[in-house]
Amino acid sequence: MKIATLNIDWFKKSKALKRIIQEEINKQDLDFLIVNENILTFGFDTTYFEYHSKSIPTNQIFQHLDYGIYLKGETPVRTSIYSKHQSIQEIKTIDNYTSIGHKFAIDGKEIAVYGTIIGTWGIKYQDEIAKIELENFKNDIKNILIENENVLIIGDFNTSFFDIEKRQLPTIKSRTELINFTDNFNIHRATEQIQNCIDHIFISDNLNKISKIKTSTFLENNILKDDPHKGIILELFF
């Protein structure tokens with residue numbers, strides 16, 4: 001099973017870059033792609049099922065930004081799941097503008113996929129917004145783990161796990177918070193060794209036990225022109 005995540009920065013950059021992103025995604029032959037800072041018109045393969053967090057309003061100021069003006073009429077979606085597999089159940093999240101969850105049946109296994117952003121404004125508004133998003137993340141995952149042993153936790157965490165890189169949300173100590181939380185719940189930080197990257201894929205303890213994993217990257221920082229984001233891939237071999 002092949003899973004990827006990517007922050008596309010609302011496709012605000014050139015049309016040429018948009019084509020490159022679409023072409024590179026298609027090359028990967030993914031089971032799941034989680035896209036952060038997405039727009040509703042984005043598509044890379046019409047055969048995939050699409051599941052989106054609640055669209056951000058474009059007719060008013062929403063969390064300090066007029067998205068209608070900012071994205072020139074595009075409909076913003078913070079987190080999307082694109083899947084070869086049809087969802088068998090939606091998973092309720094605390095903040096459905098930011099996070100999304102669905103359950104899928106794959107090769108006799110039920111797998112919950114949870115996508116989110118922690119720190120939707122990056123280093124801005126950490127106490128006001130990012131702290132709440134981090135707490136929502138923790139509570140969502142705790143709730144999901146009660147009923148699901150196979151869980152993929154994916155998205156833009158605005159956090160690198162290398163101290164030297166200084167890539168985290170410092171006001172809320174996101175690196176320490178995420179490490180402590182995942183350790184407490186035996187969640188494996190599968191992509192933490194990828195350097196200069198704040199997008200990640202975590203897996204639950206049972207998924208880690210029943211599979212071998214391989215990580216890689218695509219669409220590096222220099223192509224996306226959005227350092228320190230890059231495309232992250234996790235392959236699970238059962």
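Only this structure's heavy atoms are used, side chains among them; waters, hydrogens and symmetry mates stay out.
Distance alone, capped at 3.5 Å, is enough to place a donor-acceptor pair between the Gln126 side chain and the Thr171 backbone. Not a single donor-acceptor pair under 3.5 Å links the side chain of His188 to the backbone N or O of Leu207. In this structure, Ser174 contributes its side chain and Leu169 its backbone to a donor-acceptor pair below 3.5 Å. Judged by distance alone, with hydrogens and angles left aside, the side-chain atoms of Asn158 form a donor-acceptor pair with the main-chain N or O of Ile118 at under 3.5 Å. Lys18 places no side-chain N or O within donor-acceptor distance of the main-chain N or O of Phe42, the cut-off being under 3.5 Å. Tyr67 places no side-chain N or O within donor-acceptor distance of the main-chain N or O of Pro76, the cut-off being under 3.5 Å. With hydrogens and angles disregarded, a donor-acceptor distance shorter than 3.5 Å links the side chain of Thr182 to the backbone of Ile179. Although no hydrogens or angles enter the test, the distance criterion places no donor-acceptor pair under 3.5 Å between the side chain of Tyr114 and the main chain of Thr93. Looking at Thr79, its side chain does come within 3.5 Å of a backbone N or O of Thr98 through a donor-acceptor pair. With Thr5 contributing its side chain and Ile34 its backbone, the two residues share a donor-acceptor pair below 3.5 Å.
Note on Phe162 and Leu178: separate hydrophobic clusters, where clusters join Ile, Leu, Val, Met, Phe, Trp and Tyr whose side-chain heavy atoms are under 4.5 Å apart, directly or indirectly. Both Leu65 and Tyr125 are part of a single hydrophobic cluster, where members link through side-chain heavy atoms under 4.5 Å apart. Hydrophobic clustering of Ile, Leu, Val, Met, Phe, Trp and Tyr side chains at less than 4.5 Å, counting indirect connections, keeps Tyr97 apart from Ile94. Following chains of ILVMFWY side-chain contacts shorter than 4.5 Å, one cannot reach Ile132 starting from Phe157, and the two form parts of different hydrophobic clusters. In this structure, Ile141 is a member of the same hydrophobic cluster as Ile172, with clusters built from ILVMFWY side-chain heavy atoms closer than 4.5 Å.
Thr217 has its side chain out of reach of Thr191: every pair of non-hydrogen atoms, C-beta onward, lies at least 4.5 Å apart. Side chains of Thr159 and Ile198 form no contact here, defined as non-hydrogen atoms less than 4.5 Å apart. Inter-residue side-chain proximity for Ile232 and Thr215 is flagged as unmet; no heavy-atom pair is nearer than 4.5 Å. For the pair Glu128 and His64, the minimum side-chain heavy-atom distance is below 4.5 Å. Residues Met1 and Leu152 form a side-chain contact, since some pair of their non-hydrogen atoms from C-beta on lies under 4.5 Å apart. Considering only heavy atoms from C-beta on, Asn196 comes within 4.5 Å of Glu165 through its side chain. Side-chain contact check for Ser87 versus Phe104: some heavy-atom pair is nearer than 4.5 Å.
A cation-pi arrangement is not found for Lys27 relative to Phe218, the charged atom failing to lie both closer than 6.0 Å to the ring centre and inside a 45° cone about the ring normal.
One finds the CG atom of Leu145 at 11.0 Å from the CG atom of Asp140 (value rounded to the nearest 0.5 Å). Here the NE2 atom belonging to His102 is positioned 8.0 Å from the CD1 atom belonging to Ile91, to the nearest 0.5 angstrom. Within the model, atoms CG of Leu6 and CD1 of Ile154 stand 12.5 Å from one another, a figure rounded to the nearest 0.5 Å. To the nearest 0.5 Å, atom CD1 of residue Ile153 and atom CZ of residue Arg189 are 11.5 Å apart. Asp31 contributes atom CG, which lies 11.0 Å from atom CG of Leu234 (distance to the nearest 0.5 angstrom). Rounding to the nearest 0.5 Å places CZ of Phe11 at 7.0 Å from CG of Asn38.
Between the side chains of Thr120 and Glu133, a donor-acceptor pair is found at a separation under 3.5 Å. Judged by distance alone, the side chains of Asn206 and Ser204 never bring a donor and an acceptor atom under 3.5 Å apart.
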Take Lys12 and Glu37 through the salt bridge (Lys or Arg N to Asp or Glu O under 4.0 Å) test and state the conclusion after the steps. CA-CA 10 Å; Lys12 291 196 282 56; Glu37 296 189 348; over 6 Å; no

For Lys142 and Phe137: C-alpha separation, side-chain torsions, deciding distance, then whether side-chain contact (heavy atoms from CB on, under 4.5 Å) applies. CA-CA 9 Å; Lys142 285 188 281 189; Phe137 166 87; over 6 Å; no

Please assess Gln193 against Phe161 for the test side-chain contact (heavy atoms from CB on, under 4.5 Å), listing each intermediate value before the final yes or no. CA-CA 7 Å; Gln193 293 302 314; Phe161 292 96; over 6 Å; no

Report the C-alpha distance between Phe181 and Leu134 in whole Å, list the side-chain angles of each, state the deciding distance to 0.1 Å, and finish with yes or no for side-chain contact (heavy atoms from CB on, under 4.5 Å). CA-CA 10 Å; Phe181 175 77; Leu134 176 60; over 6 Å; no

Determine, stepwise, if the pair Lys109 / Ile210 fulfils side-chain contact (heavy atoms from CB on, under 4.5 Å). CA-CA 11 Å; Lys109 300 176 185 64; Ile210 66 173; 3.9 Å; yes

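In terms of heavy atoms, Gln63 sits closest to Trp121 at O-NE1, 3.0 Å. Glu74 and Thr58 make their closest contact through O-CG2, 3.9 Å (heavy atoms, listed as atom of the first residue, atom of the second, distance). Across all their heavy atoms, Ile213 and Ser211 have their closest contact at CG2-OG, 4.0 Å. In this structure, Ile111 and Ile106 approach most closely via the heavy-atom pair CD1-CD1, 4.3 Å. Considering all non-hydrogen atoms of both residues, Asp199 and Pro228 come closest at OD2-O, 4.4 Å. The nearest pair of heavy atoms linking Leu224 to Lys230 is CD1-CA, 3.7 Å.
By the neighbour-count criterion of 12 heavy atoms within 6.0 Å, atom CD of Glu147 is sparsely surrounded, having that number or fewer from other residues, nucleotides or ligands. The neighbour count for Lys84 NZ, taken as heavy atoms of other residues, nucleotides or ligands under 6.0 Å away, is above 12. Counting heavy atoms of neighbouring residues, nucleotides and ligands inside a 6.0 Å radius, atom CD1 of Ile123 does not exceed 12 of them. Within 6.0 Å of the CG atom in Asn184, the count of heavy atoms belonging to other residues, nucleotides or ligands exceeds 12. Residue Lys173 places its NZ atom among 12 or fewer non-hydrogen atoms of other residues, nucleotides or ligands, all under 6.0 Å distant.
A salt bridge links Asp163 with Arg175: the distance from a Lys NZ or Arg NE/NH1/NH2 to an Asp or Glu carboxylate oxygen falls below 4.0 Å.
Results of the ring pair (Phe, Tyr, Trp, His ring centres under 6.0 Å) test with Tyr82 over Phe44, Phe32, Phe49, Tyr48 single out Phe44 as the only residue that passes.
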